[in-house]
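Encoded as structure tokens, the structure appears first; notes follow it.
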Amino acid sequence: MTYDIIVKNCWVFNSFLKKFVFNDVAIKDGKFAYIASNIDSESAKIIDGNNAYMIPGLIDIHMHIESSMSIPNCFAYSVLPWGTTTVVADPHEIANVAGKEGILFFLSQKTPLDIYYGIPSSVPATNPDLETTGGIIGIDEVKDLLDDPRIVCLGEVMNFHDVCYKPDSLSANIIKICKEKRFQMPLEGHCPKIDGEKLQNFLFQGISADHTHQTYKSVYEKITNGMFLEIQRKSMTQDVIDCLMENNFYEYFCFVTDDVMADKLRYGHLNELVALAIKMGMPKEMAIYCATFTPARRMHLEDRGAIVPGRIADFILLKDIDNFKIDKVYKRGIDVSTLNYEQAINIPNKFLNTLHCKKANIEDFKIKIEGNKALCNIMAIEPHSTFTTHQQRWLNIKDGILDKDDLVMITIFERYGKSNDIAHGLVANAIKESGAIASSWAHDHHNVLVLGTDYEDMVIAQNELLKMQGGIVVVKDHKIIAKCILEIGGIVSSRLIEELGKDLENVREAIKELGYEHDNEIMSIATLSLLVSPALKISDKGLVLTKEQKIINLVEEVR
């Protein structure tokens, strides 16, 4: 056989031995063809690895392109240089905004990155009685999407309550359809703080993976009950890594990014998790194995994830393997640095100018109530997760207006023009300075979220957001100090990641300037509206106890 390319003199990672072997690698038609020592072919292009380490391209099987605030075309050119050559994206954010049409818009974009998709299983994340979304993915949409070969899994099933206790619910019926039409297709899960009998009930429904925040205890319980874990950055504590290593759980997990925003994407992607795992003591061979082979196997992507004959020639060359510093990335045998970026993407008008809510005034943010004191339900932010705790506090009523004291007002405006509802809440551990933040990037329903300590600043932020038709605005002392425009559906942009990332970095710094303290300020704010994340969140319908899936009043009692 003649070969197109021969990569010579490399320490080649063998996924089946889980070790490096010094060899040459021949490539033909974009696939690995022959792995041996001293391969010769007169017509082949020679790449001298010069004793570098050669590993398969990284595979990220749980992520959201919308978290980069970008579209697939722009996202692809940002992650390829970091060694990510295949992703499985769950497009439930664009689906919440634009339904099946939003998913098809993503699917229509041709990229050098191999992008597979999961069917969004929870659009809306709960149900229309608890939140208003721009689109709904129902049984008919699921049936249509299952016919597309780029669909490889059911995206994260978030509505634990409906799946386990309401057999006739939409979520339960979507699972049933997937089992009937593609019985071997992986069903992905979202089950934070679910354990014991409830966890096993979730598994009994056929959902066999989880990507949420883990602990030593949850890792051990979930894996020993047959669940595959997708470990993202916030789960990479020393206890979790030790649990995976001590119990030799390497076959039952992989690393995933879940959410990497534009400002962070400029500096790394899945490669950062592999480097961190090695730094935390995981053998480099196993860290690589769990970012290449196990994710490919989980998604039945049998044509990649290993450097063996017949598999796609996606690979990385590294000289400094201990620090996981990437030198070169190849996609189907082509150096990704030689790929030309094509920015010309036709954005249909239906995905532009999508914020259809009223222009706020100061009165919209005041909570009018008669009495002297009110017992209020409060959302308290946790600094190291997207969870909140549910607290209660007595607050004074002054001149018929609730005095929020040192708390922060949060207001949600229904943005799809369906109800024009406005809902209020109060937040602890948020902004400490006078100012406001307005965002249409509010998981998962993406209604307009306004968070602030000053009513006038809240008005300025909300009005500017409507003028931008999507994104994030930060206001301090009645002046806009940072903004990031997300013009497509109010949640993504067609701008290059470098430009988008700079704007987002400015927004992040401005939020910090207001005194917001969190490991990920932007995601923390966005998930104050995520109704499947513990414990108290908010939508355009009101405050929601997420475990019970129940709306509660902001004011519990008045005296």
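What's counted below: heavy atoms across the whole structure, side chains too, no hydrogens, waters or symmetry copies.
- Under the rule for a ring pair (Phe, Tyr, Trp, His ring centres under 6.0 Å), the partners of Phe22 that lie at least two apart in sequence or sit in another chain are Trp11.
- Counted within 6.0 Å of NZ on Lys179, heavy atoms from surrounding residues, nucleotides or ligands total more than 12; the atom is thus considered enclosed.
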Before you tell me yes or no, could you show the steps for Ser524 and Ile381 under side-chain contact (heavy atoms from CB on, under 4.5 Å), namely the whole-Å CA-CA distance, both residues' side-chain angles and the distance that decides it to 0.1 Å?
CA-CA 8 Å; Ser524 173; Ile381 293 169; 3.7 Å; yes
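- Checked by atom type and distance alone, the side chain of Ser108 pairs as donor or acceptor with a backbone atom of Phe105 at under 3.5 Å.
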With side-chain hydrogen bond (donor to acceptor under 3.5 Å, both in side chains) as the test, would you mind laying out the steps for Glu66 and His443 before giving the verdict?
CA-CA 11 Å; Glu66 302 96 315; His443 294 334; over 6 Å; no
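- Counting heavy atoms of neighbouring residues, nucleotides and ligands inside a 6.0 Å radius, atom NZ of Lys234 exceeds 12 of them.
- Looking only at distances, no side-chain donor or acceptor of Asp320 sits under 3.5 Å from a matching main-chain atom of Lys325.
- One finds the CD1 atom of Ile59 at 6.5 Å from the CZ atom of Arg304 (value rounded to the nearest 0.5 Å).
- When atom types are taken as modelled, the side chain of His518 and the backbone of Asn520 share a donor-acceptor pair closer than 3.5 angstrom.
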Start with the C-alpha distance between Thr257 and Asp60, add both sets of side-chain angles, then the distance that settles side-chain hydrogen bond (donor to acceptor under 3.5 Å, both in side chains), and finish with yes or no.
CA-CA 7 Å; Thr257 62; Asp60 188 355; 2.5 Å; yes
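- Distance OG1/Thr86 to CG/Leu113: 6.5 Å, rounded to 0.5 Å.
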Pair Tyr252, Phe228 - check ring pair (Phe, Tyr, Trp, His ring centres under 6.0 Å), show working.
CA-CA 5 Å; Tyr252 314 116; Phe228 186 87; 8.1 Å; no
Audit row: Asn247, Tyr216, side-chain contact (heavy atoms from CB on, under 4.5 Å) steps and yes/no
CA-CA 11 Å; Asn247 295 285; Tyr216 189 109; 3.8 Å; yes
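- Of the possible donor and acceptor atoms, one in the side chain of Gln109 sits under 3.5 Å from a partner among the backbone N and O of Asn73.
- Listed by chain and number, the residues in a side chain to side chain contact (heavy atoms under 4.5 Å, CB included) with Arg182 are Leu146, Ile151, Met185 (sequence neighbours excluded).
- Under the ring pair (Phe, Tyr, Trp, His ring centres under 6.0 Å) criterion, His211 pairs with His62, His190, not counting sequence neighbours.
- Using a 4.0 Å cut-off between charged side-chain N and carboxylate O, Glu272 and Lys264 make no salt bridge.
- Shown here are the side chain to side chain contact (heavy atoms under 4.5 Å, CB included) partners of Ser533, two or more places apart in sequence or in another chain: Thr386, Phe387, Leu530, Lys537.
- Residue Lys279 qualifies as open at atom NZ: its count of foreign heavy atoms under 6.0 Å is 12 or below.
- By the side chain to side chain contact (heavy atoms under 4.5 Å, CB included) test, Ala277 is found to be paired with Met236, Phe255, Met282, Ala287, residues two or more places apart in sequence or in another chain being considered.
- Under the ring-ring contact (aromatic ring centres under 6.0 Å, His included) criterion, the residue pairs touching residues 272-327 are Phe16-Phe293, Tyr289-Phe293, Phe315-Tyr330, with sequence neighbours excluded.
- Inter-residue side-chain proximity for Cys243 and Phe253 is flagged as unmet; no heavy-atom pair is nearer than 4.5 Å.
- The side-chain heavy atoms of Val142 and Leu145, taken from C-beta on, include no pair separated by under 4.5 Å.
- Checked by atom type and distance alone, the side chain of Thr546 pairs as donor or acceptor with a backbone atom of Ala535 at under 3.5 Å.
- Atom NZ of Lys512 is surrounded by more than 12 heavy atoms from other residues, nucleotides or ligands within 6.0 Å.
- Of the possible donor and acceptor atoms, one in the side chain of Thr292 sits under 3.5 Å from a partner among the backbone N and O of Ile288.
- Residues passing the side-chain hydrogen bond (donor to acceptor under 3.5 Å, both in side chains) test with Lys331, sequence neighbours excluded: Asp114, Asp314.
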Could you walk me through whether Met299 and Glu188 pass side-chain contact (heavy atoms from CB on, under 4.5 Å), step by step?
CA-CA 10 Å; Met299 289 295 159; Glu188 299 287 281; 3.6 Å; yes
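- Atom CD1 of Ile115 and atom CZ of Phe75 lie 7.0 Å apart (nearest 0.5 Å).
- Within the model, atoms CD1 of Ile35 and CG of Asn14 stand 8.5 Å from one another, a figure rounded to the nearest 0.5 Å.
- Sorted by first and then second residue, the side chain to side chain donor-acceptor pair (under 3.5 Å) pairs involving residues 22-36 (not counting sequence neighbours) are Lys8-Asp24.
- For Phe202, the ring pair (Phe, Tyr, Trp, His ring centres under 6.0 Å) partners two or more places apart in sequence, or in a different chain, are Phe160.
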Stepwise side-chain hydrogen bond (donor to acceptor under 3.5 Å, both in side chains) check, Ser385 with His213
CA-CA 8 Å; Ser385 78; His213 196 173; 5.0 Å; no
Would you be so kind as to tabulate the donor-acceptor pairs closer than 3.5 Å made by side chains of residues 46-58, with sequence neighbours excluded?
from, atom 1, to, atom 2, distance (Å)
Asp48, OD1, Asn9, ND2, 3.1
Asp48, OD1, Asn50, N, 2.9

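- With hydrogens and angles disregarded, a donor-acceptor distance shorter than 3.5 Å links the side chain of Arg495 to the backbone of Ile485.
- The main-chain N or O of Met523 is found under 3.5 Å from a side-chain atom of Thr527 such that the two form a donor-acceptor pair.
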Checking Leu229 against Asp210 for the side-chain contact (heavy atoms from CB on, under 4.5 Å) test, could you report, in this order, the C-alpha distance in whole Å, the side-chain angles of both residues, the deciding distance, and whether it holds?
CA-CA 5 Å; Leu229 292 188; Asp210 179 43; 4.1 Å; yes
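- Using a 4.0 Å cut-off between charged nitrogen and carboxylate oxygen, Glu251 and Arg297 count as a salt-bridge pair.
- In this view, Glu141 and Lys100, Ile137 satisfy the side chain to side chain contact (heavy atoms under 4.5 Å, CB included) rule, not counting sequence neighbours.
- Shown here is Tyr220, whose OH atom has no more than 12 heavy atoms of other residues, nucleotides or ligands within 6.0 Å.
- A donor-acceptor pair under 3.5 Å is formed between the side chain of Thr215 and the backbone N or O of Ser218.
- Judged by distance alone, the side chain of His64 and the main-chain N or O of Asp90 form a donor-acceptor pair under 3.5 Å.
- Taken to the nearest 0.5 Å, the NZ atom of Lys502 stands 13.5 Å off from the SG atom of Cys484.
- For NZ of Lys19, the number of neighbouring non-hydrogen atoms (other residues, nucleotides, ligands) closer than 6.0 Å is 12 at most.
- Residues Val532 and Ser122 form no side-chain contact, since every pair of their non-hydrogen atoms from C-beta on lies 4.5 Å or further apart.
- Here the straight-line distance linking atom OG of Ser68 with atom NE2 of His269 works out to 8.0 Å at 0.5 Å rounding.
- Every pair tested for salt bridge (Lys or Arg N to Asp or Glu O under 4.0 Å) that includes a residue from residues 237-250 fails, sequence neighbours excluded, so the list is empty.
- The existence of a salt bridge linking Arg508 and Glu521 is confirmed by a sub-4.0 Å separation between a basic side-chain nitrogen and an acidic carboxylate oxygen.
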